[in-house]
**Student:** 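Right, I'll just put the structure down here and ask away after.
Note that the structure is a prediction, hence the values are computed from the model and not measured.
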Amino acid sequence: MSLLRYTLRRFAQAIPVLIGIVTITFFLANQIPGDPVDIMLGPTPAQEQVEAIRAQYGLDRPIHVRYFAYLSSVATGDLGLSIYYDRPVLEMIILRLPVTLLLMLSAFAFAIVTAIPLGVISAKRRNEPADHVSRIISLIGVSTPSFWIGLVLIIVFAFHLGWFPARGLVLPWESPANVRGAATQVEVIRQSAHHLFLPMIGLGTLQMAQITRIERSSMVDSLQGEYVKLARAYGVPESTIVRKHAFQVAQLPVITIIGLGLSTALGGAVLTETVFGIQGMGRLIITAIQNQDYQLIMGTTLVFGFVYVVGVIITDITYSYLDPRVTYGDE
């Protein structure tokens with residue numbers, strides 16, 4: 001089976017998963033106590049106004065009718081109208097999703113760039129001081145919630161040292177005219193990196209710690225493999241053994257933990273955006289829950305589910321690329 005057919009088949013298999021996400025989210029969102037119309041109109045609205053709003057957003061119809069109507073609209077790419085913002089949900093997601101993706105990708109980049117060398121060094125220098133330091137760092141990272149790390153970073157590096165801003169995010173693709181103190185696009189990118197640094201560390205620390213632990217464990221196993229012993233017997237230099245023989249095989253479990261880490265990162269992004277005041281998908285979904293904005297809750301959850309499914313599919317494809325024994329199909 002070709003890579004293209006395999007990818008298309010995996011996306012087709014993901015459709016029932018996405019329908020399940022929509023179904024569960026729809027019925028759970030409708031079980032939240034309270035009425036979104038009351039939140040919109042205040043404690044003493046006119047009855048005519050309440051009925052008009054409920055009719056406008058379809059809240060006066062039975063829940064099963066609304067469910068099938070929502071499924072039909074999602075199939076055509078229409079995620080509905082936000083009750084709280086009175087704007088199309090898809091339009092709001094398009095505005096906020098790049099912010100969250102920028103935060104997540106930078107956090108994963110930080111995690112991978114720091115964790116893989118740490119894991120390799122830790123495995124090569126097993127039970128030596130460098131190994132102990134690496135294991136302590138990864139243990140602290142795994143044990144500490146991302147929002148708490150974010151708060152500590154703000155207190156130390158923003159309030160006490162003043163090195164980085166505590167809140168907000170400048171997007172690298174914004175026009176210099178919209179960014180204070182920026183005359184060129186290069187200055188916009190510099191300010192963006194300056195604002196992004198602390199949220200990136202806060203969100204990426206948990207991923208870094210998890211990848212370091214898996215990388216170390218996998219490299220220790222690889223370095224004890226029979227093929228490595230044979231290479232050493234033939235006099236192959238140790239650096240070549242690590243780089244060309246042990247490292248590639250050791251990356252398969254690491255890729256798995258990176259793919260599964262997407263769900264953790266999505267959850268962490270919600271908290272990190274709240275701590276740092278970043279207007280991304282996390283802040284959007286929290287506002288939607290607070291205001292019982294059903295359409296927005298379902299739309300953002302569906303997008304989060306889609307991002308996770310795509311991440312898992314990319315992980316499977318990467319598996320096949322790194323390990324020729326893994327095929328694209330059943331043959």
Side-chain angles (χ1 to χ4, degrees), residues 7-8 10-32 35-37 39-40 52-61 63-105 169 171-175 178 262-263 265-274 277-314:
T7 305
L8 292 175
R10 290 304 312 275
F11 274 106
Q13 291 172 342
I15 292 174
V17 176
L18 296 176
I19 292 175
I21 291 172
V22 171
T23 303
I24 293 172
T25 308
F26 181 88
F27 287 103
L28 284 180
N30 279 276
Q31 295 303 314
I32 298 175
D35 192 331
V37 180
I39 296 175
M40 290 176 63
I53 292 292
R54 295 185 69 83
Q56 178 184 353
Y57 291 98
L59 298 174
D60 56 343
R61 293 183 291 174
I63 189 169
H64 68 279
V65 175
R66 283 190 282 139
Y67 168 68
F68 287 110
Y70 183 69
L71 271 187
S72 302
S73 62
V74 168
T76 61
D78 179 10
L79 299 182
L81 194 65
S82 166
I83 299 173
Y84 183 73
Y85 293 101
D86 196 26
R87 294 175 62 184
V89 170
L90 186 60
E91 179 184 311
M92 301 184 67
I93 289 175
I94 290 173
L95 283 175
R96 299 290 188 94
L97 184 60
V99 178
T100 300
L101 290 180
L102 174 66
L103 177 60
M104 285 180 56
L105 291 176
L169 180 64
L171 300 177
W173 51 83
E174 283 191 21
S175 168
N178 299 328
L262 267 176
S263 60
L266 286 169
V270 174
L271 298 175
T272 302
E273 288 176 3
T274 303
I278 297 173
Q279 299 297 325
M281 289 285 288
R283 291 293 300 276
L284 191 63
I285 197 168
I286 286 179
T287 305
I289 293 172
Q290 288 173 338
N291 296 294
Q292 294 181 299
D293 194 337
Y294 299 146
Q295 305 281 8
L296 197 51
I297 292 172
M298 291 182 289
T300 50
T301 306
L302 178 61
V303 170
F304 273 17
F306 181 76
V307 170
Y308 180 71
V309 167
V310 170
V312 171
I313 293 174
I314 292 174

**Student:** How close do Leu79 and Gln295 get, counting heavy atoms only, and between which atoms?
**Tutor:**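 Here Leu79 and Gln295 meet closest at O-OE1, 3.6 Å.
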**Student:** What I'd like to find out is whether the side chain of Ser175 reaches to under 4.5 Å of the side chain of Asn178, using heavy atoms alone.
**Tutor:**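 SC-SC contact between Ser175 and Asn178 confirmed.
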**Student:** Whether the side chain of Asp293 engages the backbone of Ile83 through a donor-acceptor N/O pair (distance < 3.5 Å, no angle test) should be reported.
**Tutor:**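 Here the side-chain-to-backbone pair exists.
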**Student:** Nearest 0.5 Å, what's the CG-CD1 distance between Leu302 and Ile19?
**Tutor:**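 Here the interatomic distance stands at 10.5 Å.
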**Student:** Is there a donor-acceptor pair closer than 3.5 Å between any side-chain N or O of Arg87 and the backbone N or O of Met92?
**Tutor:**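 A pair under 3.5 Å: no.
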**Student:** Phe304 vs Val270, test: side chain to side chain contact (heavy atoms under 4.5 Å, CB included). Steps then yes/no.
**Tutor:** CA-CA 11 Å; Phe304 273 17; Val270 174; 4.0 Å; yes
**Student:** Which heavy atom of Tyr70 sits nearest a heavy atom of Gly299, and at what distance?
**Tutor:**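 Shortest heavy-atom contact: OH-N, 3.7 Å.
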**Student:** So, does Thr76 use its side chain to make a donor-acceptor pair with the main chain of Ser73 at under 3.5 Å?
**Tutor:**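 Yes, the answer is positive, given that a donor and an acceptor are paired below the 3.5 Å cut-off.
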**Student:** In the structure I gave you, are the side-chain heavy atoms of Thr301 and Ile285 within less than 4.5 Å of one another anywhere?
**Tutor:**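 Of all side-chain heavy-atom pairs linking Ile285 with Thr301, at least one is under 4.5 Å.
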**Student:** Going from CD1 on Ile297 to CD1 on Ile286, what distance comes out if it is rounded to the nearest 0.5 angstrom?
**Tutor:**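 If we round to the nearest 0.5 Å, Ile297:CD1 and Ile286:CD1 are 11.5 Å apart.
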**Student:** Between Tyr67 and Phe27, does the ring centre distance come in under 6.0 Å?
**Tutor:**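 Aromatic pair counts; centres sit under 6.0 Å.
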**Student:** Using only atom types and a distance under 3.5 Å, with no angle test, would you say the side chain of Thr25 pairs donor to acceptor with the backbone of Val22?
**Tutor:**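 No: the side chain of Thr25 does not pair with the backbone of Val22.
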**Student:** What's the shortest heavy-atom distance between Ala269 and Thr100, and which atoms?
**Tutor:**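 For Ala269 versus Thr100, the nearest heavy atoms are CB-CG2, 4.2 Å.
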**Student:** Quick one: closest heavy-atom pair of Val309 and Ala14, and the distance?
**Tutor:**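 Closest approach of Val309 to Ala14: CG1-CB, 3.3 Å.
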**Student:** Supply the atom-to-atom distance Leu71 CG to Met298 CE, rounded to the nearest 0.5 angstrom.
**Tutor:**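 Between Leu71 CG and Met298 CE, I get 9.5 Å after rounding to 0.5 Å.
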**Student:** Once rounded to the nearest 0.5 Å, what's the spacing between atom CG of Leu95 and atom CD of Gln279?
**Tutor:**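 Leu95 CG to Gln279 CD: 11.5 Å, rounded to 0.5 Å.
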**Student:** Could you state the interatomic distance from OG1 (Thr287) to CG (Leu296), rounded to the nearest 0.5 Å?
**Tutor:**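 If I round to the nearest 0.5 Å, the distance is 8.0 Å.
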**Student:** Taking Met281's backbone N and O only, do any of them form a donor-acceptor pair with Arg96's side chain (distance below 3.5 Å, no angle check)?
**Tutor:**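 The answer is no, because no donor-acceptor pair under 3.5 Å joins these two groups.
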**Student:** Kindly compute the distance separating OH (Tyr308) from CD1 (Ile21), expressed to the nearest 0.5 Å.
**Tutor:**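 So the OH of Tyr308 and the CD1 of Ile21 are separated by 10.0 Å.
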**Student:** Measure the shortest side-chain to side-chain distance between Ile94 and Glu91 over non-hydrogen atoms and say whether it is less than 4.5 angstrom.
**Tutor:**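 With C-beta onward as the side chain, the pair stays apart.
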**Student:** Do Pro172 and Leu102 come within less than 4.5 Å of each other through their side chains, counting heavy atoms only?
**Tutor:**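 Touching, per the 4.5 Å side-chain cut-off.
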**Student:** Start with the C-alpha gap between Asp78 and Leu90, add the side-chain angles, then the distance that decides, and say whether side chain to side chain contact (heavy atoms under 4.5 Å, CB included) holds.
**Tutor:** CA-CA 7 Å; Asp78 179 10; Leu90 186 60; over 6 Å; no
